[in-house]
Amino acid sequence: MLRLLCVLCVLGCSIDLRAQEATRTMFLLGMWPDTLARFDPETDTIVQQMKFRHGVQHGLKVTHDRKQVLAITGAREIIEVIDLAKMETVDEHPIKKDGWIYRVRSVMECPDAKPGEPGGKQWYVQYERVEKKVDHFVIHDMQWALYKVDEKELGEGMKELPEAIRRGARISPDGTKWHVFNKDLIVVDPLTLKEEARIELSQPQYTGMGPINLGGEDFYEGRNPDAYRMLYSMTDPVKKNRRIAGLIDLDMKTLKIANIAEWGAGPSGGFGLQMTADHTRAFGQSGRRGGGRGGDGAETEMSLTCWSLLDGRKLSEGSLKVRTALSISGISHDGKKLYLTGRGHDVWVVSDEFKLLKTLELPGEVAEFIEVRE
């Protein structure tokens, strides 16, 4: 067992987190065929909704500042920009080229290339290319291109994203850099794509310690420009087939590991855990029974677990019979309600003690269920 490098003070963590945490949680629902809805978990009702300008949406992405949503619509040919305060489309970006049909698959927002100046906003757009011939179509390989938002200009296509940001890149909390979470945490300049700094995680911090693998969400949710707090895992140096989990603080001012707390085995369910808004608990699911191959497909039994994010202890576990294809999509701000969605127009509301509270019938099939903390 690895020794504890630095024990995190629970009281200190709580104060630090409260200074950064959101004040409320809301859900964005993309409903079939062409509706975006704002769902309030306090009342469990839809409080606002709108229609996309160009029909069915094929993907939603909340922007870094949490003020807008990018929606792929128009048979995948258009990116709509939706203002969340107004709940309306305020701009649209056709992705096209003469003689070609472009089908957008994903949009990746970039750091502002010119902070405080116009013309610095950019996206990386991934698209499928279909060439229009006189009497037939020719499908070409997928490409990426840099899109200048203000100019509505699509750059030259490339097979893959630039290598520096190809894996694990996200916009820094202050919106000015790429932070790449790969083997190490690397700070990359958005204009030159050159490495500026790094925090080494792949090299042992001391004898007998393995590489640190980061995962899950940032406990500060991008609101602290000076630090990250995340779950981590590593291989047990003695029992190689065992994973060790814990909590790690990264100081972005000194570019060092500030604190690391080892929990032993820690929460199971990988880094797909859903965390409460105060980041003191996490919920996971596993162990389905029934409703699979050979069954009637109508019902399955889901195993649910609650974990402490203060020390990694399992707090509770239970099971719930639900229809197939459901999974945890969000948690109310107070952490007392879980929301399960899947194929279909219903949302299952479950207590933090894993009891079914109610089933909500929505006016359309839920294609997207996005949790946003404001």
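The chain is numbered in sequence order, starting from 1.
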Side-chain touch [X]/[Y], heavy atoms, less than 4.5 angstrom:
X	Y	result
Leu201	Ile257	yes
Leu356	Val349	no
Lys336	Thr276	no
Leu29	Leu36	no
Leu231	Trp263	yes
Gln285	Ser327	yes
Tyr232	Ile260	yes
Val347	Glu361	no

Minimum heavy-atom separation for [X] and [Y], please, with both atom names.
X	Y	result
Ala145	Gly155	CB-O, 3.6 Å
Cys306	Arg281	SG-CD, 3.8 Å
Ile46	Pro363	CD1-CD, 3.9 Å
Asp218	His279	O-NE2, 4.0 Å
Met275	Glu217	SD-CG, 3.6 Å

Which pairs of donor and acceptor atoms, one on a side chain in residues 156-163, lie under 3.5 Å apart (sequence neighbours left out)?
none

If hydrophobic clusters are built by linking Ile, Leu, Val, Met, Phe, Trp and Tyr wherever their side-chain heavy atoms come under 4.5 Å apart, do [X] and [Y] end up in the same one?
X	Y	value
Val372	Met50	yes
Leu357	Leu320	no
Val81	Val149	yes
Met252	Met230	yes
Val107	Ile78	no

task = Please step through side chain to side chain contact (heavy atoms under 4.5 Å, CB included) for the pair Leu250 and Leu214, ending with a clear verdict.
result = CA-CA 11 Å; Leu250 303 176; Leu214 301 179; 3.9 Å; yes
Do [X] and [Y] have side-chain atoms, one donor and one acceptor, less than 3.5 Å apart?
X	Y	answer
His333	Thr25	yes
Thr73	Gln57	no
Glu80	His54	no
Ser106	Gln126	yes
Thr305	Glu317	no
Ser233	Arg243	yes

Lys/Arg N to Asp/Glu carboxylate O, [X] vs [Y], below 4.0 Å:
X	Y	value
Glu221	Arg223	yes
Glu374	Arg66	no
Arg53	Glu92	yes
Lys256	Asp251	no
Arg229	Asp249	yes

message = Given Tyr102, which partner from the list Val130, Val125, Leu154 fulfils the side-chain contact (heavy atoms from CB on, under 4.5 Å) test?
response = Leu154
More than 12 heavy atoms of other residues, nucleotides or ligands under 6.0 Å from [atom1] of [X]: yes or no?
X	atom1	answer
Lys152	NZ	yes
Arg166	CZ	yes
Arg343	CZ	no
Glu196	CD	yes

inquiry  = Applying side-chain hydrogen bond (donor to acceptor under 3.5 Å, both in side chains), can you list everything that pairs with Asp44, at least two apart in sequence or on another chain?
reply    = Lys337, Tyr339, Lys358
request  = With sequence neighbours left out, write down each residue that passes side-chain hydrogen bond (donor to acceptor under 3.5 Å, both in side chains) with Ser316, or none if nothing qualifies.
outcome  = none
ask   = So which residues get pulled into Val56's cluster when ILVMFWY side chains under 4.5 Å apart are joined, directly or through others?
value = Trp32
Are the side chain of [X] and the backbone of [Y] linked by a donor-acceptor contact shorter than 3.5 Å?
X	Y	value
Arg323	Thr300	no
Thr45	Val47	no
Thr63	Gln68	yes
Arg76	Val104	yes
Ser319	Glu301	no
Ser351	Glu353	yes

request  = Applying side chain to side chain contact (heavy atoms under 4.5 Å, CB included), run through Tyr127 and Met142 and close with a yes or a no.
outcome  = CA-CA 6 Å; Tyr127 53 86; Met142 202 89 72; 5.9 Å; no
task = Check the pair Phe52 / Ile82 against side chain to side chain contact (heavy atoms under 4.5 Å, CB included), numbers first and verdict last.
result = CA-CA 9 Å; Phe52 299 108; Ile82 295 151; 3.5 Å; yes
key: Sequence neighbours excluded - ring-ring contact (aromatic ring centres under 6.0 Å, His included) pairs with any residue from residues 346-374   = Phe27-Phe369
ask   = Which pairs pass ring-ring contact (aromatic ring centres under 6.0 Å, His included) with one or both residues in residues 141-175, sequence neighbours excluded?
value = His93-Tyr147, Trp123-Tyr147
key: With His345 via ring-ring contact (aromatic ring centres under 6.0 Å, His included) - residues at least two apart   = none
Can you name the side-chain contact (heavy atoms from CB on, under 4.5 Å) partners of [X], sequence neighbours left out?
X	result
Arg198	Asp184, Ile186, Glu195, Glu200
Leu84	Met26, Leu28, Arg38, Val69, Met87
His64	Glu109, Ile171
Ala169	Met108, Ile165, Trp178, Val180

request  = Quick one: which residue pairs count as a salt bridge (Lys or Arg N to Asp or Glu O under 4.0 Å) with a foot in residues 128-139, not counting sequence neighbours?
outcome  = Arg105-Glu128, Glu131-Lys133
Ring centroid separation His179 to Tyr228 under 6.0 Å = yes
